[in-house]
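This report refers to the structure that appears directly beneath it.
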Amino acid sequence: MRSYKKKTIIIVLAFVLTIVLIKAIPTFCNMIFSRQDDSSVLVWDGTIATSFRSGSGSSDDPYIISTPSEFMLIFDAAYNSSKYFKIESDLFFNNGSFDIYNEKYQFIKKNIRYNLEVNSNVLYDDNKASAGTINLINEAKDFNGYIDGGNHTLYGLFISAEDAALFKSYTGEVNNLKVANCLILGNQGASLFKSTNNTKISKFSFNGYIVSNGEVLSGTKELETPSFSISTKTYDISIPSDTYVDYYRYENISFNGSSTTGVTINGESHGAGNFNVPVENTEVASIIVKVNAFNILGALNLNYDYSRDIASIIGEASNTEILQSVFNGNIKAKNIGAGFIGKSLVNNKISNSYSNGVIGSEHISAGLVGYSEDVLNITNSYNDSTITSSKIGAGMIGRNSATSTTSFTNTFNKGSVTGTMKGHYLGNNKSSNITGTSNYYFDNTSSSVGVGTASNIASYMASDSYLTVSNLNSNNYNSTNGWTVSEGVVPYLDFDDHVGPNIRLKFGDKTWNNINDVSRVFTLDKGDITISSSDDSSEILKEEYYFDTSCNMSIGDYTTLDYSLYDSSLKVDKNGCFKVIAKVTDTAGNVSYANTDMIIYNEKI
């Protein structure tokens, strides 16, 4: 009898489980995709959840976020008021990887490249035909609260709008969070946080693209004509101010009037007609115009073009602390491009952090901060990003106009800097309130020296002298502050993935796992070469390959080759000699290479 009841219970449970699976599997299958390691994860379906799985929003009982839909719920007014949130799994917003290739913004899906445009979720092929859509976030929203990332990662964010951002304004804290394989794309600005105030960001890392095209805007101001009794008149011409971005760069200014009319802009005299105003005099939210006239004229017009874009993790910051954080991404802007803060307004701190990416702009580029107006303290931090600018470039701060103290303590610049006005620490300095203690730069060539290399800010030291365990520890780059330190190596934070992917190249019964510089020769039969990869800490972003038919490429050439995306296999069916070079990139920005030995294939053998 007891056995019969047991069997009955088992049958009933099996029936219930079968019904549950029949109902659940179709829904679940619509939300999964196969990664390159063939495991399955949840991908955002574009919806916003109606509730969190658990939690009350208190510091002891935070709302638990386990899906992208739940993450998007944090912006709802019902939860967006000093509430606490905790992310308990990696969140995938898109299935694929982002890239910039041949000056095009691209999304790679199933090893096929598709093109993207600003503020559009449509994918286009090279013939501009629609090829589907991806998930897009195109409206930045305010947030007030506390996010614990649980050391998890937001993957595949595509944020695009005229002024693109995820958070319009952020007040609170965010910690233990990574953002990887992300594209933030705008015309008039691009950032993860458009503005922060009373904010603390800690143990945060970013890897991806932040791009602002710097769309040029135009305006016209009609000026009142001075009369005979008033030979001069002064105007304050202000562009309509944006709440968060009030940094403008004027260009292509023109004034229409007769030859007897002159105009003075910010203290510089110009005649009627077209003229350019030096950029240094126009980096403000308004321009002062003084018109001189000695006869009665018709309407006078001042015409101007301007740009105001910022590309950075944070657009504008006030009362913000960044600590133990990493920028590993790629930034491109017209006006201001910077790793952590585009415009530092007042009372900001950066400590135990570093910039290790690529940052470029036409005007101001900097590893940490683009433009500083007031109190800014940088401690135990460094720049190792490549900085390029047509004008102002700097390792630490692009332009410093702080009315109060700017301080550097235990910092160094290792990254290269280019620009007509450049410096290891400051590209252009308008402030005398600067202090520095134990700050160094490693490049002492004449072409590298610029503003900010004075002894009161920083001094030269050879990298092999600075990058010793004892010296780094004495400068507080130690485990207590979260650093991993090795002899002769730039220190890095312990949560930042610094290990490249594992690669396996296979042809027949031959396997290669790394770079080979041994000139061995193999004669092999017709077949396929396969590339596989794995990563212990991050996701695989993309696998690529290159056929070296010259068979004489040096290892130093590997970083400059024009690789192709790897699909399922590489067929070998033509006679000749070749090597295959594999390149694999993970979402932390680490790159690994492997190559075969020299292979000779002859179908007659």
Original post:
Rounded to the nearest 0.5 Å, how far apart are CG of Leu192 and CG of Leu157?
Top reply: 7.5 Å
Original post:
Would you say the side-chain atoms of Gln106 and Asn115 include a donor-acceptor pair closer than 3.5 Å?
Top reply: yes
Original post:
So, for Ile310 and Ser212, which heavy atoms are closest and what is the spacing to 0.1 Å?
Top reply: O-CB, 4.4 Å
Original post:
Given side chains that start at C-beta, do those of His498 and Asp496 come closer than 4.5 Å, heavy atoms only?
Top reply: yes
Original post:
Is the backbone N or O of Lys178 less than 3.5 Å from a side-chain atom of Ser205, with the two atoms forming a donor-acceptor pair by type?
Top reply: no
Subject >> Residues that Thr587 engages under side-chain contact (heavy atoms from CB on, under 4.5 Å), provided they are two or more places apart >> reply: Tyr155, Ala180, Asn181, Ser538, Glu539, Leu541
**OP:** Apply side chain to side chain donor-acceptor pair (under 3.5 Å) to Tyr546 and Asp557, showing your working.
**Re:** CA-CA 11 Å; Tyr546 182 86; Asp557 297 325; over 6 Å; no
**OP:** With the side chain counted from C-beta on, respond yes when Pro491 and Leu467 share a heavy-atom pair under 4.5 Å apart, and no when they do not.
**Re:** yes
**OP:** Answer whether the closest heavy-atom distance between the side chains of Lys391 and Glu362 falls below 4.5 Å.
**Re:** no
Subject >> Verdict with reasoning, Lys334 to Asn213, per side-chain contact (heavy atoms from CB on, under 4.5 Å) >> reply: CA-CA 6 Å; Lys334 182 179 179 68; Asn213 293 322; over 6 Å; no
**OP:** Spell out, as yes or no, whether a donor-acceptor pair under 3.5 Å connects the side chain of Asn207 to the backbone of Ala588.
**Re:** yes
Original post:
Counting distance only, does the side-chain N/O of Asn413 pair as donor-acceptor with the main-chain N or O of Gly415 below 3.5 Å?
Top reply: yes
Original post:
Rounded to the nearest 0.5 Å, how far apart are NZ of Lys104 and OH of Tyr124?
Top reply: 13.5 Å
**OP:** Answer yes if the side chains of Asn356 and Tyr492 hold a donor-acceptor pair under 3.5 Å, and no otherwise.
**Re:** no
**OP:** Given side-chain contact (heavy atoms from CB on, under 4.5 Å), test Ile341 with Ile313 step by step and report yes or no.
**Re:** CA-CA 6 Å; Ile341 301 175; Ile313 292 177; over 6 Å; no
**OP:** In sequence, state the C-alpha distance, the side-chain angles, and the governing distance for Lys194 and Asp163, and then conclude on side-chain contact (heavy atoms from CB on, under 4.5 Å).
**Re:** CA-CA 9 Å; Lys194 188 173 181 181; Asp163 196 349; 3.1 Å; yes
**OP:** Determine whether the side chains of Tyr354 and Ser385 contain a donor N or O and an acceptor N or O closer than 3.5 Å.
**Re:** no
**OP:** Measure from NZ or CZ of Arg113 to the centre of the six-membered ring of Phe107, then state whether that distance is under 6.0 Å and the direction lies within 45° of the axis.
**Re:** no
Original post:
For Asn478 and Asn473, does a side-chain donor sit closer than 3.5 Å to a side-chain acceptor?
Top reply: no
Original post:
Should Phe93 and Asn135 count as side-chain neighbours, where that means a heavy-atom distance under 4.5 Å?
Top reply: no
Original post:
Can you find a heavy atom in the side chain of Val580 that is under 4.5 Å from one in the side chain of Asp548?
Top reply: no
**OP:** Verify whether one side chain among Asn471 and Thr468 offers a donor that lies under 3.5 Å from an acceptor in the other.
**Re:** no
Original post:
Just checking, any donor-acceptor pair under 3.5 angstrom between side chains of Asp494 and Trp483?
Top reply: no
**OP:** With rounding to the nearest 0.5 Å, note down the distance linking OG1 in Thr596 to CZ in Phe547.
**Re:** 8.5 Å
Subject >> Residues Ser69 and Thr47: side-chain donor-acceptor under 3.5 angstrom >> reply: yes
Original post:
If we ignore angles and hydrogens, is there a donor and acceptor under 3.5 Å between the side chains of Asn476 and Asn481?
Top reply: no
Original post:
Can you name the closest pair of heavy atoms from Ile147 and Phe167 and give their distance?
Top reply: CD1-CZ, 4.3 Å
Original post:
Could you go step by step and tell me if Asp309 and Gln188 meet the side chain to side chain donor-acceptor pair (under 3.5 Å) rule?
Top reply: CA-CA 5 Å; Asp309 68 310; Gln188 299 175 28; over 6 Å; no
Subject >> Exercise: identify the closest heavy-atom pair between Ile364 and Ser361 >> reply: O-OG, 2.6 Å
Original post:
Does Glu543 come within less than 4.0 Å of Lys583, counting only side-chain N to carboxylate O?
Top reply: no
**OP:** Inspect the surroundings of NZ in Lys203 and state if more than 12 heavy atoms from other residues, nucleotides or ligands are less than 6.0 Å away.
**Re:** no
Original post:
Can we call the ring centroids of Phe85 and Phe71 under 6.0 Å apart?
Top reply: no
Original post:
When Lys506 is tested against each of Thr530, Ile529, Asn513 for side-chain contact (heavy atoms from CB on, under 4.5 Å), which residue passes?
Top reply: Thr530
Subject >> Min side-chain heavy-atom separation Tyr593-Thr559 under 4.5 Å >> reply: yes
Subject >> Lys/Arg-Asp/Glu bridge criterion (N-O < 4.0 Å) met for Lys579, Asp597 >> reply: no
**OP:** Report the distance from atom CG of Leu136 to atom CZ of Phe158, rounding to the nearest 0.5 Å.
**Re:** 5.5 Å
**OP:** Spell out, as yes or no, whether a donor-acceptor pair under 3.5 Å connects the side chain of Thr67 to the backbone of Glu70.
**Re:** yes
Original post:
Under 3.5 Å, is there a donor-acceptor pair between the side chain of Ser351 and the main chain of Asn380?
Top reply: no
Original post:
Taking the six-membered ring for Trp, are Tyr440 and Tyr466 ring centroids under 6.0 Å apart?
Top reply: yes
**OP:** Begin from the C-alpha positions of Val211 and Ile100 and carry the test side-chain contact (heavy atoms from CB on, under 4.5 Å) through to its verdict.
**Re:** CA-CA 10 Å; Val211 180; Ile100 297 180; 3.8 Å; yes
Original post:
Just by distance, with hydrogens left out, do His363 and Asn335 show a side-chain donor and acceptor under 3.5 Å apart?
Top reply: no
Original post:
Are any non-hydrogen side-chain atoms of Asn94 and Val43 less than 4.5 angstrom apart?
Top reply: no
Original post:
Can you tell me how far the CG atom of Asn595 sits from the CD1 atom of Ile515, to the nearest 0.5 Å?
Top reply: 6.5 Å
**OP:** Provide the closest heavy-atom pair for Leu472 versus Val489 in the form atom of the first, atom of the second, distance.
**Re:** CD1-O, 4.1 Å
Original post:
Side chains of Ser353 and Ser325: donor-acceptor distance under 3.5 Å anywhere?
Top reply: no
Subject >> Nearest heavy-atom neighbours spanning Asp443 and Tyr441 >> reply: O-CD1, 3.3 Å
**OP:** Taking all heavy atoms of Tyr545 and all of Leu565, pick out the closest pair and write down the distance.
**Re:** CE2-O, 3.4 Å
Original post:
Counting distance only, does the side-chain N/O of Asn590 pair as donor-acceptor with the main-chain N or O of Asp497 below 3.5 Å?
Top reply: yes
**OP:** Kindly write out the residues that satisfy ring pair (Phe, Tyr, Trp, His ring centres under 6.0 Å) with Tyr566, not counting sequence neighbours, or none if the list is empty.
**Re:** none
Subject >> Side chains of Val326 and Phe206 in contact at under 4.5 Å (non-hydrogen atoms) >> reply: no
**OP:** Decide yes or no on side chain to side chain donor-acceptor pair (under 3.5 Å) for Asn352 and Gln324, but give the supporting numbers first.
**Re:** CA-CA 5 Å; Asn352 294 299; Gln324 292 184 326; over 6 Å; no
Original post:
Under 3.5 Å, is there a donor-acceptor pair between the side chain of Asn138 and the main chain of Asn119?
Top reply: no
Subject >> Interatomic spacing from CG in Asn151 to CG in Asn175 - rounded to 0.5 Å >> reply: 10.0 Å
